[in-house]
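Here is how names work: the chains are called A, B, and so on, in the same order as the sequence lines, proteins then strands, and each is numbered from 1.
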There are 2 protein chains.
Amino acid sequence: MTKPDHVSHEPCPVARATSLIGDRWSLLIVRDAFDGIRRFSDFQRNLGVARNILSDRLRRLVDAGILVPRAAAEGSAYQEYVLTDVGEDLFPVVLALRQWGERALYAPGEAHSELIETRTGNPVPLMRPRSADDSELTPHDTRVRKLA
Amino acid sequence: MTKPDHVSHEPCPVARATSLIGDRWSLLIVRDAFDGIRRFSDFQRNLGVARNILSDRLRRLVDAGILVPRAAAEGSAYQEYVLTDVGEDLFPVVLALRQWGERALYAPGEAHSELIETRTGNPVPLMRPRSADDSELTPHDTRVRKLA
DNA sequence: CAGTATCCCTCAAGATACTG
DNA sequence: CAGTATCTTGAGGGATACTG
């Protein structure tokens with residue numbers, strides 16, 4: 001479980017990490033997992049990813065020990081995917097990427113989703129107050145705790 | 001300069017960031033830049049990336065305001081690529097990814113490169129001491145300051 | 001040395017149909 | 001609902017030749 005097959009053998013940890021979660025979807029799945037999403041169809045609808053791709057990415061994330069499949073509550077035949085401790089350790093990565101994106105990739109007045117995960121009790125520093133306009137936000141974003 | 005063309009228009013900063021630097025090479029170029037690499041051929045040799053791809057990624061990183069091209073020292077006709085302030089702000093991203101990779105993607109005794117950038121005076125916390133075996137390290141890694 | 005211009009090819013991703 | 005199987009496409013990436 002420490003190092004799944006599809007992870008590169010390079011000695012640099014950054015290179016290995018990007019070989020695993022540096023694709024188009026994996027980190028966004030993790031982001032959604034931090035936001036409380038657990039079900040296959042919720043990931044699918046939220047991301048707009050093809051189902052076969054989602055299936056593959058979930059499997060890879062499970063192989064890597066980032067997510068763990070569990071039976072959905074009380075007698076359900078279906079599964080849900082929750083973050084493991086290793087997966088939770090990705091929080092600084094998602095947070096750092098998010099904070100950088102806010103500062104570097106938005107026009108001065110442009111709105112962006114907050115996506116502050118209700119996770120551990122960690123205080124999460126924000127770089128600046130959010131815009132007043134929420135109209136552009138996706139369903140994903142609206143479920144998220146706002147700080148302002 | 002705030003938001004180059006090829007960055008997605010999604011409201012989530014994580015999604016935008018990955019759309020820009022979430023490909024196979026961009027973040028590794030940034031990693032190398034933190035490690036002091038500035039010249040085209042040095043990036044190319046160190047990464048093993050095709051030259052046309054490197055050319056394209058450098059252009060994208062410049063467009064995004066992460067790198068800035070400067071004339072190489074004293075009368076040289078060639079350029080070098082150095083991190084801007086926006087690029088330097090990616091340090092927490094690279095560091096977080098690196099620390100997570102160390103913990104999650106290596107066998108217990110397996111060696112990994114340290115890649116602690118000699119940058120600002122920031123103290124950089126390490127998760128554990130490095131292994132004694134450096135034989136697997138690439139040229140990139142050997143230029144790097146070791147902490148142990 | 002530092003790229004650019006082509007050509008080619010593989011694989012990631014999407015669409016769709018099917019199944020327990 | 002939660003996937004799997006199959007097919008197809010297109011973009012990302014590699015190799016090579018060429019240029020100032």
### Query
C:dT19 P sits how many Å from A:Phe40 CZ, rounded?
18 Å

### Query
Quick one: is C:dG3 close enough that its OP1 or OP2 comes under 4.0 Å of any side-chain N or O from B:Gln79?
yes

## Note on the structure
The reported gap from CD1 in B:Ile29 to CG in B:Leu67 (rounded to nearest 0.5 angstrom) is 7.5 Å

### Query
The side chain of B:Arg51 lies closest to which of these nucleotides: D:dG14, C:dT16, D:dA17?
D:dA17

### Task
Could you work out which one of D:dG3, C:dC1, C:dA13 sits closest to the side chain of B:Arg39?
C:dC1

### Task
Can you tell me the pairing partner of C:dG20 across any strand shown, Watson-Crick or G-U wobble, with both distances under 3.5 angstrom?
D:dC1

### Message
Between A:Arg57 and A:Asp23, does any NZ, NE, NH1 or NH2 come within less than 4.0 Å of an OD or OE carboxylate oxygen?
### Response
yes

### Task
Report yes or no: does B:Gln44 contribute a side-chain atom to a donor-acceptor pair with the main-chain N or O of B:Ala50 at less than 3.5 Å?
no

### Message
Ignoring hydrogens and geometry beyond distance, is the side chain of A:Asn52 in donor-acceptor contact with the base of D:dG3 at under 3.5 Å?
### Response
no

### Query
Checking all strands, does B:Phe43 fall into the base, sugar-phosphate, or nothing category for heavy-atom contacts under 4.0 angstrom?
nothing

### N or O in side chain of A:Arg24 less than 4.0 angstrom from C:dG14 OP1/OP2
yes

### Query
When all nucleic acid strands are considered with a 4.0 Å heavy-atom cut-off, which category describes B:Arg45: base, sugar-phosphate, or nothing?
nothing

### Task
Please report, rounded to the nearest Å, how far the P atom of D:dT6 is from the CG atom of A:Asp56.
16 Å

#### Entry: Length of the CG-P vector between A:Leu54 and C:dA12, whole Å
16 Å

### Message
As a test of reading the structure: which of C:dG14, C:dG3, D:dG14 is closest to the side chain of B:Trp25, going by heavy atoms?
### Response
D:dG14

### Query
Within less than 4.0 Å of OP1 or OP2 of C:dG3, is there a side-chain N or O belonging to B:Ser55?
no

#### Entry: Atom pair distance, as rounded to whole Å: CG in A:Asp42 and C1' in D:dG3
15 Å

### Query
C:dG3 P sits how many Å from B:Ile29 CD1, rounded?
12 Å

### Message
Measure CD/A:Gln44 against P/C:dA13 and give the value in whole Å, please.
### Response
15 Å

### Query
Short question: side chain of A:Trp100, backbone of B:Val86 - any donor-acceptor pair under 3.5 Å?
yes

### Query
Rounded to whole angstroms, how far apart are CG on B:Asn46 and P on C:dC1?
15 Å

### Task
Choose from C:dA13, D:dT4, D:dA2 the nucleotide whose nearest atom is closest to any side-chain atom of A:Ile53.
C:dA13

## Note on the structure
Atom CG of A:Asp23 and atom C1' of D:dA11 are separated, to the nearest Å, by 15 Å

### Message
Pair B:Asp85, A:Arg103 - check side-chain contact (heavy atoms from CB on, under 4.5 Å), show working.
### Response
CA-CA 11 Å; B:Asp85 287 347; A:Arg103 286 189 290 176; over 6 Å; no

### Query
Considering only side-chain heavy atoms of A:Arg59, which listed nucleotide, C:dG3, C:dA12, D:dT4, is closest?
D:dT4

